[in-house]
Each structure stands twice: as C-alpha cells, then as structure tokens.
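Chain letters run A, B, ... following the sequence lines, proteins first and then strands; every chain starts at 1. No experiment lies behind these values; they were computed from the predicted model shown.
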Amino acid sequence: MSIQAVKGTRDFYPELMRRRNWIMAAWRRVSLRNGFEEYDAPIFEYPDLFTTKSGPEIASQLFNLVDRGGRSLAIRPEITPSLARMVNAKISSLPRPIKWFSMPRLCRAENTQRGRLREFFQWNVDVIGSDEVIADAEGIYTAVDFLREVGLTPADVTVRIGSRALTVSALKAAGLSDESVQAALPVLDKRAKVSDEEFRRLAVQAGMSGPQIESVCRFQDCDDLGALAKAAGGSSDGEAAVEQLRQLLATLRAMGAGEYCTLDMRIVRGLAYYTGVVYEVFDAAGSMRAVAGGGRYDNLLEVLGGPKVGATGFGMGDVVLGLLLEEKAKFPADVDASSVDYYLIDAEETCFPRVVELVGGLRGRGASADFSYARRAVGKQLKEANRRGARFAVIVREDGVSVKELATGEQRDVTAEEFLASAEGSQGNR
RNA sequence: GUGGCUGUAGCUCAAGUGGUUAGAGCACCUGGUUGUGGUCCAGGGGGUUGUGGGUUCGAGUCCCAUCAGCCACCCCA
C-alpha cells in the first residue's frame, strides 16, 4: 500500500469500531438518563468562532480549508463555541436550564502522543442558563455516572475538584495584582505536572515573590474547606467560593457520587475562560493524561456576542478513556467478537433456496441472520457459523430444520414454519 | 513547531561485523479426519524489509531525505 493513514488518525476496523460504539452508546445512555438532550453542529466553522473564544494562538492548531468561494474555514477543534453560537441564536426562546450533550468528532493539528491524536471523539455535557451550584453538580454527577456505568470504581479514577474563584481569592490575598493573578493561574495549573524547581521558576517569572509562592502552595495543598477559607484570606469572594464548594460536595454526596470526588486546589485548568468550579478526572495511578475536564464558564456566551448567561460543563475524549478502559480490562469480553443470532446451513445443496428464503424471513422479523456463500459440507458450514459468532446454527433440510445452540450443543428439530414463528432477534432492532 | 528513539508479512518477532531465491509462530485461505462446529493433520496465499535517493561488485543491514509511531518539550479547548 503506497498511501498510509494520515498522522494522528485511526482506522476503525470492525474490532475497534465495536469499542468505539460501546463507549459512545454508554455516553448517550448516561446523558439521556441524566436529562440531557443530544445536539450536533457542523464539522467546520469560520475560524473566527474559535479564535475569538480562545485567542489567536489557537489558529496554529486548526485544520484550515478554503471553500470554492474563497471563504476560509476551520475544522472544529472543540464544539463548545458552536454550542454557544447555537444557544445564543435562540437564547430567548429556549427553556432554561439548557441541558445538552454531544459526541462530536474533533480535529486538532497537534503533535501526536500516546493518548493524544489529531482526530478523536469527545463527549461534551453542558448546562447553560444556570448560576446555581446544582448545575455544576449535575455535570460532575453525569461524569461519575458514566465512570460507574463502564465499571470504573473510585479505586480506578478520581474527580479532582478545584475552584477558579477561590484560587483567585487566594492569589489576591497573597498580594498579587490583577494582572499577576491572570499570569499566575496557568502556572498554578502546571504545579502538579512539572518539577518543583520548574514550578518555582515559572512562578517567579509570573511575578510572584518567594513568600507569595509559599502562601499559594499552602493554599493549594489544603484539602479542608474551613482551612481553605482562611488560606484564601477571608474575603467575601473567597467565602462565597468556599460556600459553593461546600454545597457542591454536599450535593454530590447526596446524589451518591461522593466517593469519586475529592477536593484539589491544584486543579486550575489552563484555559482563561473558566470562572468558577473546575474539575478533572484522572486515573488513580496518575500516569495518564486527564480523562475528562471541565468547569464553569460564565463569560463565554457573552464573548461570542450573546447575553451574559451562566454555563458549566465538561468534555471527555475517547482516546485516553479507551486506553484506561483497556488497561483496567473494562471492555466486555464480547466487544471483541462479532455476532449474529442465526447462521443458516443447507444440509444439501438443493436446500439452499430455502436457506435464502429463511434468511429473508428472519431478517424481516428483526433477527440477524447470515449464511455461507459457498455450498459445502455441513461440518464446514458449522465451522463458519462458529467463527461468525452465531448463537444458533440452523441446519435446513427438505423436511424441516435443526436448530442448534452452539454454546451448549443442544439441538431440536422443528418445521421451518415453527422455527420462523418463534425466532427472535437479540439485538432488539425492530 | 523543536529534540531523541524506532520502523522486517494483518499481528508478535528472527535474519553474527553488508554476501546467494528475507524465516517462524499466530491469523487468513484450501483440503483431510467421507456430510454437525470449537481439537488435530496437510498444504497454500501474502513482504520491491515505511517511502525515495545514495555508497558498494553486492544493503533489511551503512549514509541522506521524507513519512509514520513512541518519548520529552510546547500546548492541552
């Protein structure tokens, strides 16, 4: 083969596709039962939509194209701006809170690494139009609900919850100016990801003094709400942020998600537009990239030309999640095997027309049915049935059929009419 | 975008310091065990050694470029 797949992309052969479908089915199932409605947006947008939200440096990570009219377009690297655009366009007629989810295919022209590709899927869950902590709680709960759904336990993953608002209060209490605060936030986000020396170097570069660094580190290492309020300097903003976290954690405990969640002020998130509660989901070993991340972004809709409306949500990519599920062996065993309800076998070549007829009948009833294209010995056809992952092999004779359950070897003889009347699909696709 | 490591059949790997038609297991296909499967046996297809140049009498083995993967930076929507 002379042309290979593009850097950072995946070919979804049936085996991999089954895993993708399994993940996405769980995303959708969990979203719906948490009261979220599905939406989608175009796969390309005008580049301004993305650069307005996240700044011009994002442009270097965009896949750009030019249409025949000379318009420059960009393939979406995220869906939140599209969501904001869609919601802004109908903001006055949409009942609030707006609880929407999506599972978009996204592209980013980044360098690839383990857990990081150029094309991937990302589950996005957002609540728009509420300033209440309950909205943040629902986002986090939905993420936890999914983790539990796919068999990941608190021993496997942790939701680390921080607060931008509280962190800002702590920085101000330490005496940082408004500009320094903005410069310091991304540095604090790095604290858990770089060495101590490197962190201090960056912090000084961001304009922090030695005592300020000490003070902020003490704040970040604190995991007690009462102590945090003190560490944040006792300002009214700080008190309010602490109270929000208190409510959030209480709500999560009440909903039954408490065991997955832990307070962690080292979670700051890199992006500038987060305003309140922020959180990331990590594997317990901490050896991977974040599985999911999100938080409150109350200014985004306004930045994109809409009213000031509170919003909160998270994104979960399929790549790191897939690695984690693989590592923890959480994919079900049958995700590896293709399967079919019935595999039809002709006992004699002259029975083949009846095989085709029955296959049609079964498929018409919503059962999945397959058969061999080659006319060959029953033994060979059974071998094919086995390989195909059939639940039942159906040997078709002139005078009736033998229905054999492959797992048990049990076999019973019935007429073709009886068989067809009792046949049922396991897929429930009818 | 920068730097390092790697690149042999679909997969996992072999092929002493360059030397004859690049091998094996698994997978796949065919046949047999004379018409009921998962075992076993036999046979078969499949590689211009990621790609393109170069050095050499001769390169999978050396050199350069390029592409891809992995790792570290950057970034992490």
- Whole angstrom is fine here: how far is it from CG in A:Leu406 over to P in B:U39? 14 Å
- Query: Side-chain donor or acceptor of A:Arg397 under 3.5 Å from a matching atom on the base of B:U36?
  - Reply: yes
- Message: What verdict does the ring pair (Phe, Tyr, Trp, His ring centres under 6.0 Å) test give for A:Phe314 and A:Trp123, after you've listed the backbone C-alpha separation in whole Å, the side-chain angles of each residue and the deciding distance to 0.1 Å?
- Response: CA-CA 8 Å; A:Phe314 71 88; A:Trp123 182 35; 5.2 Å; yes
- Query: If you look at every strand shown and take non-hydrogen atoms under 4.0 Å, does A:Asn111 touch a base, only sugar-phosphate, or nothing?
  - Reply: base
- Task: With pairs defined as Watson-Crick or G-U wobble and both distances under 3.5 angstrom, please note down RNA chain B as a dot-bracket string, | for pairing with another strand.
- Result: (((((((..((((.....[...)))).(((((.......))))).....(((((..]....))))))))))))....
- Query: When you look at CZ of A:Arg114, are more than 12 heavy atoms from neighbouring residues, nucleotides or ligands closer to it than 6.0 Å?
  - Reply: no
- Query: Does a donor on one side chain sit under 3.5 Å from an acceptor on the other, for A:Glu398 and A:Thr350?
  - Reply: yes
- Message: Please classify the nucleic acid contact of A:Ile395 as base, sugar-phosphate, or nothing, using heavy-atom distances under 4.0 Å.
- Response: base
- Message: Applying a 4.0 Å non-hydrogen cut-off, can you work out what A:Gly409 is touching in the nucleic acid: base, sugar-phosphate, or nothing?
- Response: base
- Item | Minimum-distance nucleotide (side-chain atoms of A:Arg114 versus B:U36, B:C71, B:C76) | B:C71
- Task: Looking at every strand, decide which applies to A:Arg108 at a 4.0 Å heavy-atom threshold: base, sugar-phosphate, or nothing.
- Result: base
- Task: State, to 0.1 Å, how close A:Phe219 and A:Ala231 come at their nearest heavy-atom pair, and which atoms those are.
- Result: CD1-CB, 4.0 Å
- Task: Determine the Euclidean distance between corresponding P atoms of B:G16 and B:U30; express it in Å to zero decimal places.
- Result: 36 Å
- Query: Between the side chains of A:Tyr343 and A:Arg388, is a donor N or O closer than 3.5 angstrom to an acceptor N or O?
  - Reply: no
- Message: Under 3.5 Å, is there a donor on one side chain and an acceptor on the other for A:Ser402 and A:Asp413?
- Response: yes
- Closest to the side chain of A:Lys7, out of B:A68, B:C76, B:C70, is B:A68
- Sugar-phosphate only, base, or nothing, as touched by A:Gln381 at under 4.0 Å among non-hydrogen atoms: nothing
